[in-house]
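Worksheet for the structure shown next.
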Amino acid sequence: MTKIKTAARLSRRQFLTSTAAGALAVALAGVLPDPVLAADPIKVAGIYTVPVEQQWVSRIHVAALAAQERGDITYTFSENTSNTDYPRVMREYAEQGHKLIIGEIFGVEAEAREVAADYPDVAFLMGSSFKEDPSLPNLAVFDNYIQDASYLSGIVAGAMSESGNIGMVGGFPIPEVNRLMHAFMAGAREMNPDITFQVSFIGSWFDPPKAKETAFAMIENGADMLYAERFGVSDAAKEKGILAIGNVIDTQGDYPDTVVASALWHFEPTLDAAIAKVRDGSFVAADYGTYSFMKEGGASLAPFGTFEGKIPQAALDLIASRTAAIKDGSYVVEINDAEPTSS
Amino acid sequence: MDILDILLSASFWAAAIRIASPLIFATLGELICERAGVLNLGIEGIMVAGAFSGWIAVWAGLPLWGGVAVAMLTGMAFGLLHATLSVPFGLSQHVVGIGLTLLATSLTFYTYRVVLPEVSSPPKIEAFQPYEIPLLADLPLIGPALFSQTPLTYAAFLLAAICAYTLYRTPVGLAVRAAGENPSAVAAQGLSVTAIRMGAVITGSGFMAVGGAFLTLSAFDSFFFDMVNGRGWICIALVVFGAWRPGKAVLGAILFAAFDALQIRLQQTAIGALVPYQLFLMLPYILSILALVVMSRRAEVPAALMVPFNKGER
């Protein structure tokens, strides 16, 4: 009796395993219609709510163009797609046979998930404020988790600010913005525990004149170093002859005497991981945010360029030791998504 | 920093005047349209088109004032479209205006992408720099606030004076005002209401576009797609606030801008840490609505505003 029972249990497990494998095979077949074609470029489409010049989106766009250059994917994109149009454009690309759709669904979280559910054979890799949902296996999320680099740029800022007063202008206090600000502030405090921060949000992603005015007000209020989360902030710093730290992209080319360092985001590890998974059929709901970590190569501190040799040695030493520690996992930069406030 | 300290600082008023300048241009433009009897809701899109065309013209090699002229002409072209649809054809001014905003905005992005297909960030130009007016700039408080601005800001105030003079002291101004109050009387005088209204809409739209160009040629040195960010709609309210009078409209623009400059600074005071930042961002709008309620009670709305005129029709 016992033996038979065991056998029965075993067979059920076997049954479940084989069903799961079968389902996986079906899903795999859906993603890759013909294993022979596996080496062909994957059809990828990008959908962005802003022009591809925008800092954040530009990193995705550049990574996709690079993958296309390598021959891994064919890439097409729609920019400046309004959120109201976003689900429609997702459907269009899915209907056209694109196998991987990348974009940002911060403003259409629910609708985008509905679309993804309708196209189980298409992999969606979307920038999102939420985590992955196992019941929606073809939608993975990512975000620019570059707090490691922001932290290092904060060390530079803390060392270079003479007044101990740093101004930070942000668009909206969403997790992506908040966690980078917090990491930056933590870095700055490493060099100067008494440093104070002025934090403002302008309620817009694209209003450089307003960002500039806000930065001017902070400079009047004593700031001699600005955290340039938005376009317009470095301009105010340049005009008033103070320094700034860039975010996501390297802006030193435009402001050679102003931008000391920038925390860079590299989307390549995120995209390449997704391409590999789509290719071998193992793409599942997951949080690709970790691919933006420094140890994955998703974030780095931009070269100091024009400020080479002008940054205090103590800061450089700390950056070097922390970089090594972050990469080997012995130091973890805190992820804090709460809204930062002035201090 | 205390509120009183903020209000007494020259840099605060300088910021207010800077923020007000694009609003002054666009408000005057809207005011001229409405004085002639046409509500121009194309303002937001025209400002976007002006911001882009002025900037791209300078980027292509024109001098700054050439960029201003290009912006003005672009605005006038959109104004011609609005005027044609809304005046002789007498179509709904709301629909025409909103349609024009959508068209101008989309067309701007289309042109932008055609001209700059692959850029990592929009190119920068050499924008207008502050110019200190001799002697006047040395005055305490108002010197740095009013007389150390960019030339385009001075042009905004000059334009306000010209508009006020033209509207109230010249035959053209009388004709424009009459077209908005009693077009039949204008027609009875043998003047063409259609021509007057179209002229007003085209001119006004030109000024709106210059308001947009202020953002790319003076306040900033590059173009971003969403940078007008609702300023056009604010100007519609400022016209009402100013009771359709140029002088009051300018004051309204400065008041709104002062609230905006104030909220930016209040965010850094002790209360800034306690109050959510959204409340500060709302402040200029809330205070403007309150001011609007008070101010508009005695406002005289142009009697024929939004009423199409068909010659010979009673």
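- There is no side-chain donor-acceptor pair under 3.5 Å between Ser121(B) and Glu53(A).
- Of the listed residues (Val62(A), Val52(A), Ile202(A)), the one with the most heavy-atom contacts under 4.5 Å to chain B is Ile202(A).
- Arg265(B) has its side chain out of reach of Asn221(A): every pair of non-hydrogen atoms, C-beta onward, lies at least 4.5 Å apart.
- Residue with the most contacts toward chain B among Val199(A), Asp235(A), Val50(A), Thr341(A): Asp235(A) (heavy-atom pairs, distance under 4.5 Å).
- Between Ser9(B) and Glu220(A), the side chains place no donor N or O within less than 3.5 Å of an acceptor N or O (distance only, hydrogens not considered).
- For a heavy-atom cut-off of 4.5 Å, chain B lies close to Asp254(A), Tyr255(A) in residues 245-258 of chain A.
- Contact of the Phe225(B) side chain with the Asn80(A) side chain is registered, since non-hydrogen atoms from C-beta on lie closer than 4.5 Å.
- Side chains of Gln268(B) and Ser200(A): a donor on one and an acceptor on the other come within 3.5 Å.
- Contacts between residues 260-268 of chain A and chain B, counted as heavy-atom pairs separated by less than 4.5 Å, involve no residue at all.
- Phe231(A) has its ring centre less than 6.0 Å from the ring centre of Phe224(B).
- When each of Ser58(A), Gly222(A), Ser204(A) is scored by its heavy-atom pairs under 4.5 Å with chain B, the top score falls to Ser204(A).
- Only the side chain of Glu339(A) comes within less than 4.5 Å of a heavy atom in chain B; its backbone stays farther off.
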**Step-by-step salt bridge (Lys or Arg N to Asp or Glu O under 4.0 Å) determination, Arg231(B) to Asp207(A)** = CA-CA 11 Å; Arg231(B) 286 177 174 85; Asp207(A) 197 337; 3.0 Å; yes
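- The residue among Arg113(B), Gln278(B), Met227(B) with the most heavy atom pairs within less than 4.5 Å of chain A is Arg113(B).
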